[in-house]
Amino acid sequence: MMMTGNQHILIVDDNTSIHQDIQSILQGTLSEADKELEALESELFGDHPDDGAGVVTTFEYDMDHAYQGEEALEMVGKAAHEKYPYALIFMDVRMPPGMDGIQTIKKIWKDHPNTEIVICTAYSDYSWEEILAELGNSDKLLFMKKPFDATALKQTTLTLITKWNLRQETFQYTQKLEAEVQERTKELAKLVEDYKGMKEKAEEASEAKSEFLANVSHEIRTPMNGIIGMNDILLETELDDDQREYAELVKYSAKSLMSIINDILDVAKVEAGKMEIEIIPFELKDSIIELEKLLDFSVQNKNVEIRSVFDENIPDQVMGDPLRIRQILLNYGNNAVKFTEKGQIDILTELLEESETSVKLRFSVKDTGIGIPKEKMEKIFSPFTQADASTTRKYGGTGLGLSICKQLAGLMNGTVGVESTVGQGSSFWFDVTLEKAWVAETRDGEPSENEQLSPDNTNGDYVPKELNILLAEDNKSNQKVTEQMLDQTGWKITSVGNGKEVLDAIKKRNYDLILMDVYMPEMDGFDGTREIRKIEREKGAAAVPIIAISASVMPRDKERIFAAGVNDFLGKPISKNYLITKIKKWTSDSADKELQ
């Protein structure tokens with residue numbers, strides 16, 4: 001790299017001859033000694049001396065002259081303003097009657113800290129220690145005694161000018177880098193802002209989807225409650241064989257529709273991060289036996305045998321989420337029933353690993369059904385996927401069940417898989433690690449939709465005692481369904497259509513329990529429940545048990561319902577057995593009437 005061009009120099013001295021000396025040395029003809037020095041440099045370094053860093057310097061100097069400190073300050077400011085700053089200043093120390101050189105340097109460096117300065121003086125006005133005390137340690141300051149040695153002056157000037165130019169290049173490069181960094185930072189900030197915007201839009205879209213699914217679920221569940229409830233009541237009457245077959249077909253179709261609705265809602269819950277996994281003690285073997293019974297009921301019209309094999313080395317009690325484990329196995333089992341016309345379906349529970357505190361288990365459902373082609377197995381756990389498009393037309397289903405199984409297993413830190421041979425059957429499995437349960441506890445939770453839709457196992461003895469029940473339900477068909485479900489109990493049922501009518505009713509008489517629909521006109525179940533609790537507090541009366549009934553079953557809906565002050569919750573469609581069980585729970589003499 002070659003550094004060329006005119007370099008701006010300022011000479012500050014009250015003595016005119018000093019100006020002439022410096023100018024003649026830097027711009028004048030070479031003396032014999034200078035010629036000898038240049039010849040020696042050329043011999044050593046070539047025609048263009050190199051500063052050792054690959055920089056060849058061939059400078060010419062533009063020199064300005066100031067005779068007092070104040071004048072120098074003005075010229076330095078002007079040169080900087082005109083973008084032609086001084087690279088080097090020769091500064092005399094004694095310049096009466098104004099500022100001396102040291103004070104002038106201090107003021108120059110205040111606004112132009114990178115200026116190279118050579119102090120030139122013939123007197124010892126300041127010692128070097130005193131100068132440092134005034135100006136501080138600086139690599140931009142040299143001291144030169146008068147009279148000047150021409151060679152030393154030229155070499156000092158060349159060195160300082162070169163240094164100044166390199167410093168300027170460094171500043172320019174740094175500024176360029178800073179500008180690039182600022183530009184990149186702006187771009188990054190814009191990307192972050194765009195990402196935030198996209199994230200907000202995605203969250204809004206997810207929220208809108210969840211809201212849409214919740215609304216659709218509510219609107220479908222409400223009439224489905226009437227269809228399923230009325231159909232169950234119809235099945236309890238005297239029917240001929242054809243009529244019973246038709247009613248059973250309606251029940252099967254309703255269960256299929258509810259299964260689709262539940263699958264869609266489960267996907268929405270997982271995507272929204274609302275699916276909760278419980279860790280509670282439960283009897284694993286009992287859960288498998290219950291599952292076997294459910295599947296056994298499903299294959300009554302098929303030549304299929306349901307068997308369960310349970311490794312006896314597995315502890316009786318484990319810690320986990322029995323509802324979600326059963327949901328996965330039930331999905332596997334329902335698929336096996338759907339695609340198996342004859343043979344057997346095995347539910348296998350194997351012990352893979354065991355430690356002092358946990359067990360790693362493999363749950364499998366193995367069938368002798370149609371099997372899955374090898375090329376289709378890779379995507380079988382993806383949403384809306386089935387092995388063949390014709391499968392949906394022949395057997396039905398959304399293709400969501402296995403996707404939900406994978407997501408649920410993942411939430412329990414488990415894995416899923418499948419092994420299959422076309423024409424011979426399939427084996428769907430999932431592995432999960434469960435902690436051993438040291439203290440026996442019982443689960444008192446809400447059953448799955450499949451449990452609510454399964455046949456009643458009660459013996460018909462529903463009457464613990466005479467009860468007065470207030471039913472708040474605006475849908476007439478659902479109101480009729482609930483009344484019919486409770487008809488055989490001997491309980492007195494009073495029905496109203498909204499929250500205001502509930503408040504009017506409780507002013508006239510006391511009720512043992514209130515069945516409160518959530519969404520009603522004029523006053524909904526939220527406000528109605530809050531008003532009831534307010535009245536009870538004001539009167540100091542005992543809290544009447546309130547069971548909320550709603551087709552809105554998303555987690556956030558349940559949270560709002562319980563926050564209003566209800567004791568329990570039933571999701572539509574309601575099973576007769578579970579409704580009566582809940583009522584008996586909250587009206588027994590030993591019932592804990594505190595809010596859940």
Side-chain angles (χ1 to χ4, degrees), residues 1-13 22-23 25-27 41 45-46 48-66 69 71-93 101-121 126 128 131-145 148-185:
M1 178 175 64
M2 179 175 291
M3 299 177 65
T4 61
N6 291 4
Q7 303 300 310
H8 213 181
I9 294 176
L10 177 63
I11 303 170
V12 186
D13 200 300
I22 294 174
Q23 186 163 349
I25 291 172
L26 297 181
Q27 291 183 333
E41 288 176 343
F45 305 111
H48 297 287
D50 191 307
D51 70 350
V55 180
V56 177
T57 54
T58 56
F59 294 134
E60 294 182 4
Y61 306 116
D62 287 341
M63 283 178 275
D64 291 335
H65 305 274
E71 182 186 8
L73 286 175
E74 290 180 8
M75 295 179 69
V76 169
K78 182 180 179 183
H81 179 73
E82 294 174 350
K83 308 298 183 185
Y84 190 31
Y86 293 111
L88 176 62
I89 297 176
F90 290 98
M91 181 70 69
D92 187 22
V93 174
I102 303 303
Q103 297 303 315
T104 305
I105 292 171
K106 287 178 71 173
K107 293 197 173 187
I108 289 174
W109 275 351
K110 181 179 178 181
D111 296 323
H112 312 281
N114 296 313
T115 307
E116 299 285 342
I117 296 179
V118 175
I119 294 177
C120 306
T121 183
Y126 289 91
W128 184 245
I131 291 175
L132 291 180
E134 285 287 331
L135 301 178
N137 246 330
S138 175
D139 64 345
K140 297 181 290 295
L141 183 67
L142 285 178
F143 191 88
M144 185 172 286
K145 287 280 188 177
F148 305 124
D149 177 85
T151 301
L153 181 64
K154 286 195 289 184
Q155 289 300 319
T156 297
T157 302
L158 177 64
T159 299
L160 295 180
I161 291 288
T162 301
K163 178 184 167 188
W164 186 84
N165 276 279
L166 290 173
R167 189 189 298 274
Q168 295 303 110
E169 288 185 4
T170 301
F171 287 155
Q172 291 172 5
Y173 183 70
T174 301
Q175 288 175 345
K176 180 182 177 183
L177 282 180
E178 288 176 349
E180 290 179 357
V181 169
Q182 289 178 354
E183 186 62 30
R184 295 288 175 85
T185 302

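Worth knowing before you read on, the calculation uses all heavy atoms, side chains too, and leaves out hydrogens, waters and symmetry mates.
Between atom CG of residue L10 and atom NE2 of residue H65 there is a gap of 9.0 Å, rounded to the nearest 0.5 Å. Once rounded to the nearest 0.5 Å, the distance linking CG of D64 with CD1 of I89 reads 10.5 Å. Between the CD atom in Q175 and the CD atom in Q182 there is a gap of 10.5 Å [rounded to 0.5 Å]. Note that the CG atom of L142 and the OG1 atom of T159 stand 8.5 Å from one another [nearest 0.5 Å]. Atoms CD1 and NZ, from I102 and K106 in turn, are 9.5 Å apart once rounded to the nearest 0.5 Å. Taken from OH in Y86 to NZ in K78, the straight-line distance is 8.5 Å, to the nearest 0.5 Å.
Side-chain contact check for Q103 versus E134: some heavy-atom pair is nearer than 4.5 Å. Taking the side chain as every heavy atom from C-beta outward, L26 and K154 approach each other to under 4.5 Å. Taking the side chain as every heavy atom from C-beta outward, L88 and Q7 never approach each other to under 4.5 Å. Side-chain contact between E180 and L177 is present, with at least one heavy-atom pair separated by less than 4.5 Å.
A salt bridge links D139 with R167; the closest basic N to acidic carboxylate O contact falls under 4.0 Å.
Contact detail for K145 and F148: the closest heavy-atom pair is O-CD2, 3.6 Å. For the pair E116 and K140, the tightest heavy-atom approach, listed with the atom from each and the gap, is OE1-CA, 3.3 Å. Taking each heavy atom of L141 and L135 in turn, the nearest pair found is CD2-CD1, 3.8 Å. Listed here is the closest heavy atom pair of A87 and I161: CB-CD1, 3.5 Å. Residues A72 and V12 approach most closely at CB-CG2, 3.7 Å, considering heavy atoms. The two residues A80 and H112 make their nearest non-hydrogen contact at CB-CE1, 3.5 Å.
Ring planes of Y84 and H8: parallel class, angle under 30° (limits at 30 and 60°).
The side-chain contact (heavy atoms from CB on, under 4.5 Å) test with F90 is passed by exactly one of T156, I119, I117, T157: T157.
With 3.5 Å as the limit, one finds no donor-acceptor pair spanning the side chains of Q168 and N114.
A donor-acceptor pair is defined here as one N or O able to donate and one able to accept, closer than 3.5 Å; no such pair exists between the side chain of W164 and the backbone of T115.
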CA sep, side-chain torsions, deciding dist, call: L166, K163, side chain to side chain contact (heavy atoms under 4.5 Å, CB included): CA-CA 5 Å; L166 290 173; K163 178 184 167 188; 5.9 Å; no

